[in-house]
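The basis for the numbers below is simple: all heavy atoms, side chains too, and nothing from hydrogens, waters or symmetry mates. This is a predicted model, so every value here is computed, not measured.
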Amino acid sequence: MVRILLAEDDSNLGTLLRDYLSVKSYETVLTKDGEQAWTKFNSETFDLCILDVMMPKMDGFTVAREIRKTNSHIPFIFLTAKSLKDDVIEGFSVGADDYMTKPFSMEELLFRIKAILRRTSLNS
């Protein structure tokens, strides 16, 4: 089963996303801030990360940079309200595989996850 690390500080959205992805057969671990996401990433194995940008303790861009220092291959998606061109550019420059802005379609997120996993040979 594919394991996803989901870092989202909005507890309602995070729970909704975790439950939706779980129903779609993705084991999803929800963290509420960047520090917790970084700790989980270092203690468990994941196939993909979904990171909010604006989180307490450590923002998503910082989490992504730290992840890239230890694992240059794990795919990740930014899922954020930050939609300015400079934010999108920063997201891709730290190594994002995709960047989606809120509000978003859960179905579209699911298809983007599947596409990334196909490219990284993790989804059969």
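With Tyr99 as the partner, the side chain to side chain contact (heavy atoms under 4.5 Å, CB included) test is satisfied by one option alone out of Ile89, Thr80, Ile77, Leu79: Thr80.
Among all heavy-atom pairs drawn from Thr101 and Ser83, the shortest one is CG2-CB, 3.6 Å. Scanning both residues, Leu117 and Asp47, for their nearest heavy atoms gives CD2-O, 4.2 Å. Here the shortest heavy-atom pairing between Val94 and Ala64 reads CG2-CB, 3.9 Å. Scanning both residues, Met1 and Ser25, for their nearest heavy atoms gives CG-O, 3.6 Å. Residues Ile116 and Pro75 share a closest heavy-atom pair of CG2-CB, 3.3 Å. Taking each heavy atom of Ala37 and Thr31 in turn, the nearest pair found is CB-OG1, 3.4 Å.
Residues satisfying the side chain to side chain contact (heavy atoms under 4.5 Å, CB included) test with Asn71, not counting sequence neighbours, are Phe41, His73, Ile74. Under the side chain to side chain contact (heavy atoms under 4.5 Å, CB included) criterion, Glu44 pairs with Arg3, Val29, Lys40, Phe46, not counting sequence neighbours. Judged as a side chain to side chain donor-acceptor pair (under 3.5 Å), and not counting sequence neighbours, the contacts of Asp59 are Thr62. Applying the side chain to side chain donor-acceptor pair (under 3.5 Å) rule to Thr28 yields no partners; only residues at least two apart in sequence or on another chain are considered. Scanning for side chain to side chain donor-acceptor pair (under 3.5 Å) contacts around Glu66 gives Lys69, with sequence neighbours left out. Considering only residues two or more places apart in sequence or on other chains, Arg18 meets the side chain to side chain donor-acceptor pair (under 3.5 Å) condition with none of them.
Remark: side-chain polar atoms of Thr15 are not paired, donor with acceptor, to backbone N or O of Asn12 under 3.5 angstrom.
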(request) Give the intermediate values and the outcome of side-chain contact (heavy atoms from CB on, under 4.5 Å) for residues Ile113 and Leu21. (result) CA-CA 10 Å; Ile113 289 169; Leu21 293 171; 3.7 Å; yes
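A salt bridge links Arg68 and Asp97; the closest N-O separation between the charged side-chain nitrogens and carboxylate oxygens is under 4.0 Å. The pair Glu107-Lys24 does not count as a salt bridge, with every side-chain nitrogen at least 4.0 angstrom from each carboxylate oxygen.
Taking CD of Glu8 as the start and CE of Met55 as the end, the distance is 8.0 Å to the nearest 0.5 Å. For the atom pair OG of Ser72 and CD1 of Ile67, the computed distance is 12.0 Å after rounding to the nearest 0.5 Å. Distance check, rounded to the nearest 0.5 Å: CD of Glu108 to CG of Asp98 gives 8.0 Å. For the atom pair CZ of Arg65 and CE of Met58, the computed distance is 11.5 Å after rounding to the nearest 0.5 Å.
Leu5 and Val2 end up in different hydrophobic clusters when Ile, Leu, Val, Met, Phe, Trp and Tyr side chains are linked at under 4.5 Å. In terms of hydrophobic clustering, with Ile, Leu, Val, Met, Phe, Trp and Tyr side chains grouped at heavy-atom distances under 4.5 Å, Tyr26 and Phe104 are assigned to a common cluster. No single ILVMFWY cluster, assembled from side-chain heavy atoms under 4.5 Å apart, contains both Phe76 and Leu109. Hydrophobic clustering keeps Phe111 apart from Met100 (ILVMFWY residues linked when any side-chain heavy atoms are closer than 4.5 Å, directly or through intermediates). Grouping the Ile, Leu, Val, Met, Phe, Trp and Tyr side chains by contacts below 4.5 angstrom, directly or via other members, places Leu110 with Leu6.
Under the 6.0 Å cut-off for aromatic ring centres, Phe61 and Phe78 qualify, their centroids lying closer than that.
For the pair Glu90/Val53, no side-chain contact is recorded, criterion being any heavy-atom separation below 4.5 Å from C-beta on. When side chains are defined from C-beta on, Asp52 does not count as touching Leu13, because their heavy atoms never get closer than 4.5 Å.
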